Protein chains: 2
Amino acid sequence: MNTRDHLVDLGEAAMRQNGYGGFSYAHLAKQAGIRKASIHHHFPAKADLGLAVLDRYADRLVTALNDIKSTSRTGAQALQACVTLYRTALDDSNGMCLCSALAADRAILTEPMKQMLDRANRKVIAWLESVLLLGRQDRSIVVPGLPADDAVAVLAQLQGAQLLAKASGHMALFNTAMSSIQARMSRS
Amino acid sequence: MNTRDHLVDLGEAAMRQNGYGGFSYAHLAKQAGIRKASIHHHFPAKADLGLAVLDRYADRLVTALNDIKSTSRTGAQALQACVTLYRTALDDSNGMCLCSALAADRAILTEPMKQMLDRANRKVIAWLESVLLLGRQDRSIVVPGLPADDAVAVLAQLQGAQLLAKASGHMALFNTAMSSIQARMSRS
DNA sequence: ATATCTCTACCGACTAGTAGGTTGACACGG
DNA sequence: CCGTGTCAACCTACTAGTCGGTAGAGATAT
């Protein structure tokens with residue numbers, strides 16, 4: 001397997017678990033079975049690795065969301081699949097959505113990373129807005145107020161639920177924190 | 001002014017802005033106009049300072065919430081004041097609720113800090129539950145499902161809104177992320 | 001076929017700087 | 001004289017990043 005891709009994999013896991021400032025090249029090197037200097041060969045600076053991780057993550061997230069939308073029959077189905085996606089991420093990588101994990105470390109991110117983080121968040125919000133709009137049309141989701149505002153509220157709840165679950169070490173808390181979203185969806 | 005209290009002040013600000021791993025004794029010493037060793041005199045280990053900060057913060061938060069409840073006439077009034085509290089914290093300290101700021105760093109927290117963090121979160125959730133219950137009785141808040149579950153959902157949304165606002169550097173996003181909470185409250 | 005050249009991936013040893021933490025001495029007020 | 005608070009100097013471990021160099025694969029030239 002490609003060493004570079006392997007490093008991006010490990011870097012993503014590390015960042016999702018401990019944030020950008022929470023892992024080191026030395027730590028990563030040990031995991032990859034490689035020397036620190038060799039990581040610098042692939043990613044001259046830590047920010048280069050961070051950007052590569054973020055870039056690939058954003059791509060994958062947008063693709064996953066688009067897949068969900070194209071295979072869902074109702075808005076509620078799409079929103080439910082999205083909630084499940086965030087829940088699964090919590091279990092799989094024992095870490096959060098990169099966007100939430102990086103928010104705390106924003107002060108030490110490079111400008112390109114900040115911009116990419118913003119773009120990723122905006123894309124997710126736009127997707128949620130379109131799903132809420134669809135759900136309002138097909139009467140599968142109750143949408144109070146403007147879908148554009150509500151989309152931000154839903155994302156906040158998704159990320160906050162991950163935060164709360166991780167802070168308590170109690171992953172089931174994620175589902176509880178999603179209760180008010182579930183209540184707004186008609187069961188299919 | 002008491003040096004020890006001053007250090008707790010500075011430590012709280014640092015932790016809320018950059019998390020537990022995001023500040024150092026050297027950094028703190030410079031701010032306090034004191035040497036690193038002197039900080040160790042007051043707080044032998046960083047974890048001691050962290051615990052002191054968290055302890056005082058939890059106390060103050062619970063007190064503030066209880067004050068809100070005793071001066072509010074309706075559930076909606078209390079909830080609105082709570083939302084304002086979280087919003088103000090975002091501006092004042094340019095940082096988040098400690099509970100959210102520490103969630104990302106949970107891996108490097110000591111056991112006592114983790115326990116205190118959990119206790120603080122549970123207290124806020126219990127407070128929110130009582131407010132939702134009150135709001136349902138006086139018909140000032142729409143509560144779908146169990147108040148106990150909804151309380152967790154509201155806290156997730158509060159913390160997620162702070163996260164999102166901070167990640168984007170756009171504090172106004174907090175208000176947008178609260179839209180669906182506002183929609184559930186009858187205007188007084 | 002063999003010598004040369006080039007490139008990728010890797011590594012050991014190093015740098016300057018920072019992390020949290022320790023020690024022993026000095027000042028000062030009760 | 002004793003407790004409190006402060007300090008300079010120091011320590012070990014770790015941070016990101018640099019340096020010169022090596023092993024091997026593939027192409028090219030003779």
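If you're wondering where the values come from, they're calculated on a predicted model, not measured in any experiment. Order of the sequence lines fixes the chain letters, A, B, ..., with proteins taken first and strands second; residue numbering starts at 1 for each chain.
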Which of the following nucleotides, [options], is nearest to the side chain of [X]?
{"X": "B/Ile34", "options": "C/dT8, D/dG17, D/dT6", "answer": "D/dT6"}
{"X": "A/Lys46", "options": "C/dG20, D/dT6, D/dG17", "answer": "D/dG17"}
{"X": "B/Ala45", "options": "C/dC10, C/dG21, D/dA8", "answer": "C/dG21"}
{"X": "B/Ser24", "options": "C/dA9, C/dC11, C/dA19", "answer": "C/dA19"}
{"X": "B/Ser38", "options": "D/dG5, D/dC7, C/dG12", "answer": "D/dC7"}

First of A/Thr3 and B/Gly21 reached from the 5' end of DNA chain C, by closest nucleotide: A/Thr3
Within this structure, what is the [atom1]-to-[atom2] distance between [X] and [N], rounded to whole angstrom?
{"X": "B/Leu28", "N": "C/dG21", "atom1": "CG", "atom2": "P", "value": "13 Å"}
{"X": "B/Lys36", "N": "D/dC11", "atom1": "NZ", "atom2": "P", "value": "13 Å"}
{"X": "B/His6", "N": "D/dT6", "atom1": "NE2", "atom2": "P", "value": "12 Å"}
{"X": "B/His42", "N": "D/dC7", "atom1": "NE2", "atom2": "P", "value": "9 Å"}
{"X": "A/Tyr25", "N": "C/dC10", "atom1": "OH", "atom2": "P", "value": "14 Å"}
{"X": "A/His40", "N": "C/dG12", "atom1": "NE2", "atom2": "P", "value": "15 Å"}
{"X": "B/His27", "N": "C/dA19", "atom1": "NE2", "atom2": "P", "value": "9 Å"}
{"X": "B/His41", "N": "D/dG3", "atom1": "NE2", "atom2": "C1'", "value": "9 Å"}

B/Ile68 to B/Ser72 - nearest heavy-atom pair and separation: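 Looking at all heavy atoms of both residues, the shortest contact is O-OG, 2.7 Å.
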Flag, side chain of B/Arg184 to backbone of B/Val142, donor-acceptor distance under 3.5 Å: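 Pair found, side chain donor or acceptor close to backbone of B/Val142.
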Sugar-phosphate only, base, or nothing, as touched by B/Phe43 at under 4.0 Å among non-hydrogen atoms: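 Answer is nothing: B/Phe43 stays at 4.0 Å or more from every strand.
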Sugar-phosphate, base or nothing in reach of B/Ala37, heavy atoms under 4.0 Å: base
Chi angles and distances behind the side-chain contact (heavy atoms from CB on, under 4.5 Å) call for B/Gln159, B/Cys99: CA-CA 8 Å; B/Gln159 295 192 356; B/Cys99 301; 3.8 Å; yes
Neighbour count >12 (heavy atoms, 6.0 Å) for atom CZ, A/Arg60: yes
Presence of A/Arg35 side-chain N/O under 4.0 Å of C/dG12 phosphate oxygens OP1/OP2: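 Affirmative; the distance criterion is met.
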Electrostatic pair A/Asp118:A/Lys114 at N-O distance under 4.0 angstrom: no
